[in-house]
Amino acid sequence: MIRTTDELIDRIGEELIWRRKELSELKGLVQETQGQIRSRVIIRSAVALLYAHWEGFVKKSSSYYLEFVSSHRLPYGRLASNFVALTLKSKFNELAASEKISGANLLADFFCTSLNRQSNVPYKGAIDTKSNLSSKVLQDILSALGIPQINFSTRMNFIDSNLVNPRNHIAHGEDFNLSTTEYMELHDAVMSLLETYKNEVENAAVLRSFERMQA
């Protein structure tokens with residue numbers, strides 16, 4: 001269980017380090033093979049891996065943050081509303097699966113009596129990238145975590161047009177090409193996205209954004 005801000009920052013940092021190293025190796029390979037016949041294949045593979053690390057890092061670091069928040073076991077009344085919503089969503093899913101009146105009673109009880117109870121924020125499997133981390137899915141994840149979207153707002157179109165859509169074309173066996181220069185620009189932009197996401201999650205933890213602001 002991730003209990004401290006330092007532990008969270010370390011875990012997120014480790015998650016980014018190995019991804020950055022792997023993508024750096026791939027960037028070097030793209031540069032080395034520029035002008036060669038196999039360059040097209042390597043760039044297509046690199047685009048797919050860039051996307052994979054984008055989705056993987058967002059999912060992992062978001063899950064770590066949820067685990068960190070959950071470990072605090074704050075009363076629901078002190079939690080930011082987005083984390084209460086996550087808990088409610090989990091309970092609604094349980095109710096839908098059970099189809100029992102007793103489940104509805106438990107949900108009603110939660111509404112009526114849980115503000116002062118220790119929270120149990122779900123974190124295992126709570127982050128769903130839908131295997132297609134588009135701008136819409138990213139916005140949903142940011143909202144679930146209570147992370148401001150302002151530092152991503154100008155990049156939403158880029159995420160869809162330059163990262164997600166090309167990856168989908170490649171994954172579905174369709175023709176898609178980038179020049180070496182275009183790939184380098186894409187690589188740098190995705191690395192910037194990863195760094196931004198890392199900073200936003202860490203800031204949320206340091207500033208304790210998961211706590212409800214007291215009047």
Side-chain angles (χ1 to χ4, degrees), residues 1-24 49-76 78-90 119-160 162-164 167 186-214:
M1 197 75 169
I2 301 173
R3 301 185 185 280
T4 69
T5 304
D6 286 343
E7 287 175 338
L8 176 65
I9 290 174
D10 286 345
R11 292 284 287 277
I12 293 174
E14 290 166 3
E15 193 67 34
L16 184 58
I17 285 171
W18 76 266
R19 295 177 188 278
R20 185 189 287 127
K21 182 178 180 180
E22 189 167 289
L23 290 173
S24 178
L49 195 58
L50 264 180
Y51 169 81
H53 280 305
W54 160 242
E55 179 180 322
F57 182 73
V58 168
K59 187 170 186 174
K60 278 285 191 179
S61 56
S62 300
S63 296
Y64 290 154
Y65 181 52
L66 280 182
E67 183 178 342
F68 167 75
V69 173
S70 184
S71 75
H72 283 70
R73 303 298 302 276
L74 292 177
Y76 285 106
R78 287 179 54 196
L79 272 181
S81 58
N82 52 289
F83 293 106
V84 179
L86 272 176
T87 306
L88 285 173
K89 180 182 178 184
S90 175
S119 61
N120 185 20
V121 177
Y123 62 91
K124 293 182 179 179
I127 300 299
D128 183 10
T129 59
K130 304 185 187 304
S131 299
N132 197 55
L133 189 50
S134 63
S135 61
K136 183 178 183 301
V137 176
L138 177 63
Q139 287 169 340
D140 286 344
I141 292 173
L142 292 172
S143 294
L145 299 180
I147 292 176
Q149 300 184 16
I150 187 169
N151 287 327
F152 299 94
S153 59
T154 60
R155 310 193 215 184
M156 293 299 184
N157 185 63
F158 168 85
I159 289 169
D160 291 336
N162 296 68
L163 185 58
V164 177
R167 171 264 187 179
L186 178 61
H187 170 96
D188 292 344
V190 172
M191 292 308 303
S192 176
L193 270 175
L194 295 174
E195 195 67 40
T196 298
Y197 200 84
K198 171 182 177 291
N199 291 339
E200 289 297 317
V201 173
E202 291 177 352
N203 286 342
V206 170
L207 297 174
R208 297 182 69 86
S209 300
F210 54 89
E211 285 196 79
R212 182 182 295 274
M213 293 186 65
Q214 301 298 314

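Below, all heavy atoms of this structure are taken into account, side chains as well, without hydrogens, waters or symmetry copies.
A 4.5 Å side-chain heavy-atom check between N120 and Y76 finds at least one atom pair inside the cut-off. At a threshold of 4.5 Å between non-hydrogen side-chain atoms, the residues N151 and N199 do not count as touching. In this structure the side chain of M156 reaches within 4.5 angstrom of the side chain of Q139, judged on heavy atoms. At least one side-chain heavy atom of H187 sits less than 4.5 Å from a side-chain heavy atom of L50. Considering only heavy atoms from C-beta on, L133 stays 4.5 Å or farther from F57 through its side chain. Residues R208 and H72 are in side-chain contact: their nearest non-hydrogen atoms beyond the backbone lie under 4.5 Å apart. In this structure, the side chains of F68 and V201 stay at 4.5 Å or more apart for every pair of heavy atoms. The shortest side-chain heavy-atom distance between I159 and S134 does not fall under the 4.5 Å cut-off.
L8 and A205 make their closest contact through CD2-CB, 3.4 Å (heavy atoms, listed as atom of the first residue, atom of the second, distance). Of all non-hydrogen atoms in N82 and G146, the two that sit nearest each other are ND2-N, 3.2 Å. When all heavy atoms of H53 and L194 are compared, the closest pair comes out as O-CD2, 3.9 Å. Heavy-atom minimum distance, I141 versus D128: CD1-O, 4.3 Å. Closest heavy-atom contact between A204 and I147: CB-CG1, 4.3 Å. The minimum heavy-atom distance linking N132 with E55 is given by the pair N-OE1, 3.7 Å.
A distance of 5.0 Å separates CG in L49 from CD in E22, rounded to the nearest 0.5 Å. Between S135 atom OG and D160 atom CG the span is 3.5 Å, to the nearest 0.5 Å.
For S119 (side chain) and L74 (main-chain N/O), a donor-acceptor pair under 3.5 Å exists by modelled atom type. Using a distance-only test at 3.5 Å, with no hydrogens or angles considered, no donor-acceptor pair links the side chain of E67 to the main chain of Y123. Remark: the backbone N or O of I2 is paired with a side-chain donor or acceptor of S71 at under 3.5 angstrom. The backbone N or O of K59 lies less than 3.5 Å from no partner atom in the side chain of S62, so there is not a single donor-acceptor pair. Judged by distance alone, with hydrogens and angles left aside, the side-chain atoms of S153 form a donor-acceptor pair with the main-chain N or O of I150 at under 3.5 Å.
For the side chain to side chain donor-acceptor pair (under 3.5 Å) test, residues two or more places apart in sequence or in another chain that qualify with D188 are K27. Looking at residues two or more places apart in sequence or on another chain, you find no salt bridge (Lys or Arg N to Asp or Glu O under 4.0 Å) involving E200.
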For side chain to side chain contact (heavy atoms under 4.5 Å, CB included), just list the numbers for W54 and T129, CA-CA rounded to whole Å, side-chain angles, deciding distance to a tenth of an Å, and then say yes or no. CA-CA 11 Å; W54 160 242; T129 59; over 6 Å; no
Go through the steps for F158 and L193 under the test side chain to side chain contact (heavy atoms under 4.5 Å, CB included), then give the verdict. CA-CA 10 Å; F158 168 85; L193 270 175; 4.0 Å; yes
Could you please spell out the steps behind the side chain to side chain contact (heavy atoms under 4.5 Å, CB included) verdict for S24 and M191? CA-CA 10 Å; S24 178; M191 292 308 303; over 6 Å; no
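With L145 as the partner, the side-chain contact (heavy atoms from CB on, under 4.5 Å) test is satisfied by one option alone out of V69, L66, D140: L66.
Between Q149 and S143, the side chains place a donor N or O and an acceptor N or O closer than 3.5 Å (distance only, hydrogens not considered).
Annotation: K198, atom NZ; neighbour count of heavy atoms from other residues, nucleotides and ligands within 6.0 Å is above 12.
Listed by first and then second residue, the salt bridge (charged side-chain N to carboxylate O under 4.0 Å, His left out) pairs that reach into residues 5-16 are E15-R19, sequence neighbours excluded.
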